[in-house]
Amino acid sequence: MTLTVAAEPHRRTVTLCAQVGGRYLGLPATDPLFLRGSYDDRRAVLKGTNDVVGSYRVVIDAAGTATGEGRGAFGGLVPSVKFPGSFAEGAVKLDVRLTLAGGSEGVILVRATRA
């Protein structure tokens, strides 16, 4: 997985791009996933809708603490996605909790460091 975070300071916008690079959750590989939002001195807020994660909202505060949730991921196969995590000190740590359409749950641990 490749995770890129890019900011445009003059617009105060941020884009997070995730590239899985293969199959996951039994699904075929997808195109890169882009989450977009804005930021100020206190936090970044990324929100929107896309084909992969459905509707989403991610908040990252000035200390790097992240919370996020999504609805209707993978065309409704994953009705609910929630995660706590952090973006700090050159590392990303997310504990992504999935609730599947049948009611079962799963956790995806995302751990990345700056290259």
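- Note that CG of Leu33 and CG of Leu3 are 9.5 Å apart. Values are rounded to the nearest 0.5 Å.
- Taking 4.0 Å as the cut-off between side-chain N and carboxylate O, Asp95 and Lys82 do not count as a salt-bridged pair.
- Closest non-hydrogen pair, Arg43 versus Asp61, comes out as CB-CA, 3.9 Å.
- At least one side-chain heavy atom of Thr49 sits under 4.5 Å from a side-chain heavy atom of Ser55.
- When all heavy atoms are compared, the tightest approach of Gly76 to Ala101 is O-CB, 4.0 Å.
- Side-chain atoms of Phe74 and Pro79, non-hydrogen and from C-beta on, never get closer than 4.5 Å to each other.
- Looking only at side-chain heavy atoms (C-beta outward), Asn50 and Leu35 come within less than 4.5 Å of each other.
- Between Val14 and Leu46, the closest side-chain pair of non-hydrogen atoms falls below 4.5 Å.
- Minimum heavy-atom separation, Arg97 to Val107: NH1-CG2, 3.5 Å.
- Put simply, OG1 on Thr67 and CZ on Arg57 are 8.0 Å apart, with the number rounded to the nearest 0.5 Å.
- Remark: Lys93 NZ to Thr113 OG1 distance equals 10.5 Å, nearest 0.5 Å.
- Between Val81 and Tyr56, the closest side-chain pair of non-hydrogen atoms is not below 4.5 Å.
- With contacts defined as side-chain heavy-atom distances shorter than 4.5 Å, the pair Glu69/Ser80 does not qualify.
- Side-chain contact annotation: Thr13 with Arg36, donor-acceptor N/O pair under 3.5 Å absent.
- Using a 4.5 Å heavy-atom cutoff, the side chains of Val58 and Phe83 are in contact.
- Connection of Phe87 to Val45 is not established within any shared hydrophobic cluster, with ILVMFWY side chains joined at heavy-atom distances below 4.5 Å, either directly or through further cluster members.
- Within the 3.5 Å criterion, the main-chain N or O of Leu94 finds a donor-acceptor partner in the side chain of Arg111.
- Rounding to the nearest 0.5 angstrom, the gap separating the CZ atom in Phe34 from the OG1 atom in Thr4 is 8.5 Å.
- Counting heavy atoms from C-beta outward, Arg12 and Ser38 have side chains that stay 4.5 Å or more apart.
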